Number of protein chains: 2
Amino acid sequence: MSHAFRHRDILEIARKNGKVTVEGLAQHFGVTLQTIRRDLSDLAEEGRLERVHGGAMLPSSTSNIGYEQRRVLNAKAKAAMAKSCANRIPNNISLFLNIGTSTEAVARELRNHRNLLVVTNNMNVANILAETQECEVVVTGGNLRRADGGLVGKLATETILQFKFDLAIIGCSALDEDGDLLDFDIQEIGVSQTILQQSRRTFLVADASKLKRSAPARIASLSEVDTLFTDAPLPDPLPRKCAEWKTDVVVTSGAGQTAL
Amino acid sequence: MSHAFRHRDILEIARKNGKVTVEGLAQHFGVTLQTIRRDLSDLAEEGRLERVHGGAMLPSSTSNIGYEQRRVLNAKAKAAMAKSCANRIPNNISLFLNIGTSTEAVARELRNHRNLLVVTNNMNVANILAETQECEVVVTGGNLRRADGGLVGKLATETILQFKFDLAIIGCSALDEDGDLLDFDIQEIGVSQTILQQSRRTFLVADASKLKRSAPARIASLSEVDTLFTDAPLPDPLPRKCAEWKTDVVVTSGAGQTAL
DNA sequence: GAGGTTTTTTTCGTTTTTGTTCGTTTTTCT
DNA sequence: AGAAAAACGAACAAAAACGAAAAAAACCTC
């Protein structure tokens, strides 16, 4: 029996049960574990299944496409990045957090900081920080973008212009090999650029997946960023450029260690 | 079996029951307590659950679902008021919703309206309307007031000045026998007054409990309101005054009927 | 049926996950 | 308040799962 048949059946079983196990499938088809592993890897690569330890699950796109999916996507690495980022954020300062699941993770880690003034154009960040008592939260105005809870547009930009931040924590959609920060949404570009302009220091939080993507609009260059937090070593031209630009790079392995 | 499978099921159980226990889950999955603890820690780290001694709960503020559920208590009268208010709101207009549980109830009833431009300084209203696709939501900037999710201060006022609304739906902390709208928070006064000034028509939503309270700051007079929605007949001097002012009064009994 | 290709199995070192133990913290009982 | 019980997290060991690569089997085509 060729893998094509198995693939079809595996998907069917997965759709019925919501999940499949390597062991179970091996038994079901009377083949080796390794064979099933290869099948699942193939299916995962095609995006038809989501590989997990011990088996595979239906890709979450079935239920909640987009934001939720991105949020869960390597959440652990993001949490680690966020932790090491939060560790370098002192108390008693003003800071900005923009749109993005990574900055939301940072917000979660900031709940125990004291006396911060946090300005954000991200509804989720505001919701997260509403829990704590220890910091003042200011929300910029703007048009609500349902996809990610972002507040965008003229109103957002104008509000930001009224502040001067000690620190800006930003995310981006992509990061290319020239060290340019890119974004999908033209509207968000203006907001991000205004933030950079209004803040004394800048932290960029971007997980490794951002390095494999591209996006149409350019926000800024890494040279304008003080510290980059990421979860895997940078590909080749970038480490040298960052050194040149004096941009610190903090790589956080999944477990939470920090290295230069 | 991998943690990925358990995580999904744990969240499902948590959403159904509102909480999960370490012991219960360990038994359910046939694994050690320690394993479940690790799972719960992971989920808490991702912000998907809130860890508590002995188990975990749905995160309190983040989740729209949890919030929705918590608001059900004593909301019957409010929902009735909100329904009859929403019935008098046409489609295709711009409107403002300010702070208050009553206006939140109205927001909930507006989810099936079409082509509205809703501006609000209430995070909860924004969260509620984020669910629907049918209307544009604009959030004013402002300082986040944790007690009620309100956005207040100079930023809020300034944003509102940039709009002109077809209709404003407002709440208030108290309503006295002179027909004056009162509020506890001085900051909110400025916002409310600005709203009245910028809108062509005004609906006030105030349940009967507001009539028994007092508050220090005066927002405006009922004479400036076009329609008052409430859930019990007004005490004595007010019906006459309202008639004089040409302020409509819509009294909704708990069951949902509408009377003049 | 020989030769080449594809697929599967086998093997093995590595990584991930789970279980166990133990000292500490939190909760509950008195 | 103080003691007992329950829950917790860290650390380490055991078990399970993993991926890569070589060997074997199955399947072509000529």
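As the structure is a prediction and not an experimental result, all values here were calculated from the model. Proteins get letters first, then strands, A, B, ... in listed order; numbering begins at 1 in each.
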**OP:** May I ask you to verify if any side-chain N or O of B:Thr35 is less than 4.0 angstrom from the OP1 or OP2 atom of C:dG19?
**Re:** yes

**OP:** Establish, from distance only, whether the side-chain atoms of B:Asn122 and B:Thr120 form a donor-acceptor pair under 3.5 Å.
**Re:** no

**OP:** Could you tell me whether the phosphate oxygens of D:dA21, OP1 or OP2, come under 4.0 Å of any side-chain nitrogen or oxygen in A:Arg38?
**Re:** no

Original post:
Rounded to whole angstrom units, what separation is found between the CG atom of B:Leu40 and the P atom of D:dG9?
Top reply: 9 Å

Subject >> Interatomic distance where CD belongs to A:Gln27 and C1' belongs to D:dA16 [whole Å] >> reply: 16 Å

**OP:** Please state whether the phosphate of C:dT17, meaning OP1 or OP2, lies under 4.0 angstrom from any side-chain nitrogen or oxygen of B:His3.
**Re:** yes

Original post:
Under a 4.5 Å cut-off applied to non-hydrogen side-chain atoms, are A:Leu25 and A:Leu40 in contact?
Top reply: yes

Original post:
Would the A:Phe203 and A:Phe229 ring centres measure less than 6.0 Å apart?
Top reply: yes

**OP:** Take B:Gln34 and A:Leu33, find for each the nucleotide of DNA chain D with the closest heavy atom, and name the residue whose nucleotide sits nearer the 5' end.
**Re:** B:Gln34

Original post:
With respect to the phosphate group of D:dG9, does any side-chain polar atom (N or O) of B:Arg37 fall under 4.0 Å of OP1 or OP2?
Top reply: no

**OP:** Report the distance from atom CG of B:Asp39 to atom P of C:dT17, rounded to the nearest whole Å.
**Re:** 10 Å

**OP:** Just call it for B:Thr32: base, sugar-phosphate, or nothing, with non-hydrogen atoms closer than 4.0 Å on any strand.
**Re:** base

Original post:
Given atom CD of B:Glu45 and atom P of D:dG9, what is their separation to the nearest angstrom?
Top reply: 11 Å

Subject >> Nearest-angstrom distance from the residue atom CZ of A:Phe29 to P of C:dT7 >> reply: 16 Å

Original post:
Taking OP1 and OP2 of C:dT7, is either one under 4.0 Å from a side-chain nitrogen or oxygen of A:Arg6?
Top reply: no

Original post:
Rounding to a whole Å, what distance do you find between B:Arg51:CZ and C:dT26:P?
Top reply: 13 Å

**OP:** Could you check which of C:dT26, D:dC18, C:dT18 has an atom nearest any side-chain atom of B:His53?
**Re:** C:dT26

Original post:
Checking B:Thr103 side chain against B:Asn98 main chain: does a donor-acceptor pair fall under 3.5 Å?
Top reply: yes

**OP:** Give a yes or no on this: more than 12 heavy atoms of other residues, nucleotides or ligands lie within 6.0 Å of atom NZ of A:Lys83.
**Re:** yes

**OP:** Please state how far atom CG in A:Asp42 lies from atom P in D:dC18, giving the value in whole angstrom units.
**Re:** 14 Å

